[in-house]
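Taking it in order: structure first as structure tokens, then the write-up.
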Amino acid sequence: MKRRRFLKYFAVTGALGMPRLAGAAAPFRLGLTPVFLDNDAIVIDRLRSLVSAAMGEPVELIQRRTYQEITAMLLDGSVDAAWICGYPFLQHRERLALIGVPQWRGRPLYQSYLIARPDDPATGLGDFAGSTHAFSDPDSNSGYLVTASDLARAGRSVESFFGRTIFTYGHRNVVRSVAGGLTRSGSVDGYVWESLSQGEPDLTRNTRVVGKSEWMGFPPFAARSDRAGAPDVRRFEGFLKTLHESEAGRDVLGLLYLDRIVDGDVALFGSIAQRMADLTGQR
Amino acid sequence: MKGAWRAWPVTVRVAFATGAMMILLGLIASQQVLSTLSTLQNERLREVAQSHVDALSVALGPFVLHRDVWEVYDVLDRAQEASAGARILFTAVSDDRGRVLASTDPSRAPIDMEIESLFQDAASVRDVVAGTSGNIVRIREPLFIQGREVGAVLTELDVSDLVTQRRNTSLALLAANTLATLVLGLAGYLVVARLLEPVELLTRHMGALGGTPQPIPDRDIPKSDSALAQLLRKFNDMIGAIEARTEAERRLAERERFVSLGRLSSSLAHEINNPLGGLLNATDTLRTYPDRPEVVRDAGDILDRGLNHLRDVTQAILDENRRDRSDRPLGRADFDDLKLLFEPETKRQSQALDWHINGSDADFSAWPSAPIRQIALNLLLNASSAAGQGGNVGCVVGIDGDTICLTVTDGGPGLSQQAEDRLLSTTPLEPGGGVGLRLVRDLVAELGGEIAVARANAQTSISVRCTAREADA
């Protein structure tokens with residue numbers, strides 16, 4: 001008797017209640033490239049809470065190991081928007097739209113750092129010939145493109161210049177790789193290195209910045225062009241632009257060591273486009 | 001050394017033996033404990049090593065298969081951080097070509113280094129033993145994925161705690177065993193000393209140093225009714241019994257001389273009584289015929305002969321009993337005395353006496369008088385007794401080189417088994433029997449002589465042969 005009544009109730013709620021519940025619970029899906037957040041569950045969890053609180057609706061933060069995976073998810077609609085690197089943004093420029101660029105230390109720009117152990121006598125990229133080198137991701141501007149294009153400009157390739165290269169799929173991992181002595185040098189996001197030097201000084205203390213690139217467009221927030229006008233994307237864009245205005249928003253920005261999110265301009269990524277061209281030209 | 005050990009008091013020997021056994025026991029027990037500890041430690045170490053290698057195999061397998069340097073390093077690095085301060089000191093992982101993919105210490109094992117150079121002294125997990133080569137053990141294990149060997153892992157484990165534990169255990173065992181040995185050795189000494197107190201007492205009073213056994217004073221005997229106390233009391237009883245027996249034997253030997261004479265007393269009484277009638281007649285004749293010189297002379301002669309005879313008889317008896325004659329040499333006169341004493345006995349029993357003494361005083365002087373007389377008298381009395389009424393008794397004494405031969409014969413039925421035992425052996429005397437033959441045996445033994453018994457032609461013959469005393473030989 002009880003079982004029959006339970007099944008009847010379940011059938012009613014299942015038929016009427018579930019679609020409504022499912023619709024109400026569908027969160028905004030934001031893809032994250034492994035910038036410096038990788039492997040830090042506490043930061044991710046805190047970021048999710050803060051973003052959800054700031055947006056006033058549930059936000060699902062989606063991470064994958066590689067830039068390529070997140071970019072693919074953005075392109076196939078598995079995520080509504082993503083914080084990606086300028087390099088993949090330019091790679092898929094036609095299909096992606098900028099919805100905001102973070103402003104760091106007053107400008108929406110950042111650099112790529114070439115790092116080594118503090119006791120390494122190297123003074124520039126040329127001193128690392130034949131040694132081991134850590135890249136972040138093959139689709140990372142600061143973590144690959146800058147060094148690869150520098151070598152291309154010098155007429156060398158990554159494979160021929162370095163004795164051995166590895167991809168760590170995370171800027172923080174590049175720092176760990178160099179600090180731990182696994183590789184002699186590494187290409188890392190300058191923003192990540194600076195942020196780590198504040199948040200995890202013990203880690204960056206075992207590295208030294210050997211060289212810095214020119215200032216380039218900060219990794220932007222992007223959405224698929226055909227969905228850029230969708231209400232949830234527009235709402236998210238608006239949320240980003242006003243993030244610095246709320247207490248919760250400032251907490252988010254503070255966690256990420258960012259000032260605010262500003263309107264994006266493709267011109268910011270000109271030098272990255274140039275590097276892409278130099279690298280492609282070599283190939 | 002062996003003699004010195006035996007010379008030590010038994011209490012000290014027991015204490016030392018206890019200590020030695022404790023040391024031996026301690027060594028064996030310690031060896032067992034250390035062996036068990038070592039086994040447990042090795043098992044524990046193998047478990048740790050095996051779980052470490054297993055975890056690495058699971059975590060690293062796919063990355064090693066794909067030679068993903070960073071992921072291998074990432075796993076090792078995070079595992080190292082997670083186990084900071086724990087047993088695992090260093091781990092390196094190689095691919096199937098033997099090249100290092102990553103290690104927890106890239107400065108020591110950089111990427112692409114030949115891992116073989118790190119494998120010195122490395123053992124597989126099942127062979128790993130803690131503490132044989134310092135505080136670090138090195139383990140080498142292949143990495144398998146689905147049965148395929150994709151690489152190898154080398155790991156160094158810190159076993160200093162196990163080594164320290166083993167050393168501390170060894171020291172603790174050593175200290176405990178030493179203490180236990182000392183305590184138990186001392187306790188053993190005290191307990192055994194107390195237990196063996198009565199035995200020591202007994203040993204002292206038994207005359208361990210060659211003295212005669214002495215009774216143990218009552219105050220030294222434990223008051224308890226223990227077996228040892230009973231033993232001590234029994235010992236005292238035995239000492240008393242021995243003393244009593246010795247005294248009895250002494251008195252018996254002393255009396256034997258009188259016994260011999262006692263047995264002759266009736267004959268000797270006759271020997272004295274018979275002349276008395278003649279002597280009294282002579283004195284009566286003297287009173288009756290004092291004025292007849294020839295009668296007085298004859299009576300005087302009779303008195304003289306009778307009194308001389310009495311003097312000889314009493315002199316022989318006195319000689320037989322004189323104590324201080326032991327050193328006097330034997331002479332023919334001794335045999336004359338014997339005949340004087342013994343002959344009346346044969347007459348009383350109407351026995352024929354065959355008496356031959358072959359030798360001079362000089363011949364006999366090599367032997368003492370007293371024991372030979374005693375031997376001869378006892379044998380003669382025994383022969384006379386055996387021969388019976390109207391029988392025959394013989395006595396022949398001669399010199400054969402440096403040996404005196406005394407043979408006493410009789411026509412009796414021969415010696416009984418008991419009599420022969422008394423004469424020829426040291427078996428205890430049966431009650432009721434005489435002691436004469438046993439005395440003969442003892443005296444002959446003292447003189448170093450021999451006794452032989454023979455039976456031929458209805459004659460029993462007992463021969464005694466004694467060589468001359470050494471002093472005179």
Side-chain angles (χ1 to χ4, degrees), chain A residues 34 36-42 63-67 69 115-121 128 130-140 143-144 158-159 162-188 196 200 202-203 206-207, chain B residues 55-56 58-86 88-118 143 150-156:
Chain A
F36 72 97
L37 306 163
D38 57 316
N39 300 328
D40 197 337
I42 295 172
Q63 281 186 292
R64 289 294 181 271
R65 185 171 181 241
T66 64
Y67 283 31
E69 288 171 274
I115 59 171
R117 296 273 299 181
D119 54 354
D120 196 300
F128 295 116
S131 64
T132 52
H133 186 86
F135 289 121
S136 173
D137 190 289
D139 290 323
S140 167
Y144 177 74
V158 167
E159 293 77 15
F162 291 114
R164 172 100 184 202
T165 59
I166 62 168
F167 288 102
T168 66
Y169 299 99
H171 290 289
R172 185 174 176 277
N173 288 345
V174 172
V175 180
R176 280 176 60 203
S177 175
V178 175
L182 180 65
T183 57
R184 185 182 168 195
S185 57
S187 301
V188 68
L196 286 174
E200 293 182 70
D202 288 343
L203 183 59
N206 288 322
T207 61
Chain B
L56 286 181
V58 171
L60 293 176
F63 304 132
V64 174
L65 183 65
H66 299 130
R67 295 178 186 161
D68 190 328
V69 171
W70 171 255
E71 290 299 343
V72 171
Y73 175 78
D74 187 41
V75 169
L76 294 180
D77 191 42
R78 282 189 284 114
Q80 183 85 348
E81 275 182 22
S83 66
I88 299 157
L89 295 174
F90 171 78
T91 306
V93 176
S94 73
D95 59 16
D96 54 354
R97 300 168 303 173
R99 302 267 180 83
V100 169
L101 287 173
S103 69
T104 53
D105 183 3
S107 65
R108 187 175 155 198
I111 301 172
D112 290 336
M113 174 188 176
E114 294 286 343
I115 200 168
E116 201 63 39
S117 60
L118 297 170
L143 282 176
V150 296
V153 59
L154 172 84
T155 191
E156 285 180 353

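Every chain is numbered from 1 and lettered A, B, ... according to where its sequence line falls, protein lines coming before strand lines.
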TODO: Grab the two heavy atoms, one from B/Arg67 and one from A/Arg164, that are nearest each other, plus how far apart they are.
DONE: O-NH2, 4.2 Å
- [ ] Could you tell me whether B/Asp74 and A/Arg65 have a side-chain N and a carboxylate O separated by less than 4.0 Å?
- [x] no
- [ ] Applying ring-ring contact (aromatic ring centres under 6.0 Å, His included), name anything that partners A/Phe135, two or more places apart in sequence or on another chain.
- [x] A/His133, A/Tyr144, A/Phe167
Task: chain A contact via B/Asp105 - which portion, at a heavy-atom distance below 4.5 Å - done: neither
TODO: Side-chain contact test, heavy atoms from C-beta onward, threshold under 4.5 Å: evaluate it for B/Trp70 versus A/Leu182 and give yes or no.
DONE: yes
TODO: Pick one of side chain, backbone, both or neither for A/Ile166, based on which atoms fall under 4.5 Å of a heavy atom in chain B.
DONE: side chain
Task: For the student: nearest non-hydrogen atoms of B/Pro106 and A/Gly181, plus distance - done: CB-O, 3.0 Å
